[in-house]
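Working notes for the structure below.
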Amino acid sequence: GDERRADTDPLDRRSSLRIVDLLRASRGTTITWQGGVNATQQLQGSEDASAADPNWQTLDTRQPPTAITNSFTDSDAAESKKYYRIAVPE
């Protein structure tokens with residue numbers, strides 16, 4: 001299922017695909033996330049996550065093997081409100 005696709009261990013609460021930090025600065029927003037090593041990970045952003053179709057845009061893709069912790073700076077987010085998520089493509 002989802003845990004296998006994300007390469008995380010359901011028996012280890014520290015093993016998860018999740019955003020762990022967001023840092024806003026004048027040069028953009030830096031998003032840091034953790035996940036499995038053997039799964040493709042996509043950082044996606046949307047300006048309206050509550051919309052019926054939030055129109056998630058892929059901002060960064062990491063191919064396996066990936067580091068446990070990854071970061072990306074979204075320079076387009078310096079002046080706007082944005083929502084982020086980590087996805088594993090099917």
Side-chain angles (χ1 to χ4, degrees):
D2 290 339
E3 294 279 349
R4 186 177 327 172
R5 202 171 83 227
D7 189 40
T8 56
D9 181 353
L11 302 177
D12 182 352
R13 66 183 183 93
R14 296 169 299 170
S15 177
S16 61
L17 181 63
R18 64 189 173 113
I19 292 175
V20 295
D21 193 32
L22 267 160
L23 178 62
R24 285 185 153 274
S26 60
R27 70 188 197 313
T29 300
T30 300
I31 305 95
T32 303
W33 69 94
Q34 293 178 336
V37 178
N38 294 310
T40 299
Q41 300 168 3
Q42 293 180 333
L43 172 65
Q44 298 179 337
S46 173
E47 293 191 12
D48 187 2
S50 65
D53 179 12
N55 192 26
W56 292 102
Q57 301 292 316
T58 299
L59 306 174
D60 186 49
T61 300
R62 303 291 169 106
Q63 299 292 336
T66 58
I68 296 291
T69 302
N70 296 281
S71 292
F72 175 81
T73 299
D74 182 3
S75 57
D76 291 337
E79 299 298 323
S80 66
K81 183 176 179 181
K82 210 166 201 179
Y83 299 89
Y84 298 96
R85 72 179 184 182
I86 302 299
V88 176
E90 300 214 18

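Starting from 1, each residue takes its place in the sequence as its number.
A side-chain donor-acceptor contact under 3.5 Å links Asn70 to the backbone of Ala67.
Residue Ile31 belongs to a hydrophobic cluster whose other members are Leu17, Ile19, Leu22, Trp33, Leu43, Leu59, Phe72, Tyr84, Ile86, Val88, with links defined by side-chain heavy atoms closer than 4.5 Å. Through direct or indirect side-chain contacts shorter than 4.5 Å among Ile, Leu, Val, Met, Phe, Trp and Tyr, Val37 is connected to Ile68.
Remark: Thr32 pairs with Val20, Asp21, Thr30, Thr69, Ser71 by the side-chain contact (heavy atoms from CB on, under 4.5 Å) rule, at least two apart or across chains. Partners of Thr58 under the side-chain contact (heavy atoms from CB on, under 4.5 Å) rule, at least two apart in sequence or in another chain, are Gln42, Gln44, Thr61. Taking Asp60 as the reference, Arg62 meet the side-chain hydrogen bond (donor to acceptor under 3.5 Å, both in side chains) condition, with sequence neighbours excluded. For Gln57, the side-chain hydrogen bond (donor to acceptor under 3.5 Å, both in side chains) partners are Asn55, not counting sequence neighbours. Pro54 pairs by the side-chain contact (heavy atoms from CB on, under 4.5 Å) definition with Ser46, Trp56, not counting sequence neighbours. Residues that satisfy the side-chain hydrogen bond (donor to acceptor under 3.5 Å, both in side chains) test with Arg14, not counting sequence neighbours, are Asp12. Residues meeting the side-chain hydrogen bond (donor to acceptor under 3.5 Å, both in side chains) test with Asp48, sequence neighbours left out: Ser50.
Side-chain contact between Lys81 and Glu47 is absent, with no heavy atoms from C-beta onward closer than 4.5 Å.
Here the closest heavy-atom approach between residue Arg27 and residue Thr73 is recorded as O-CG2, 4.2 Å. Across every non-hydrogen atom of Gly36 and Thr66, the tightest pair is O-OG1, 2.8 Å.
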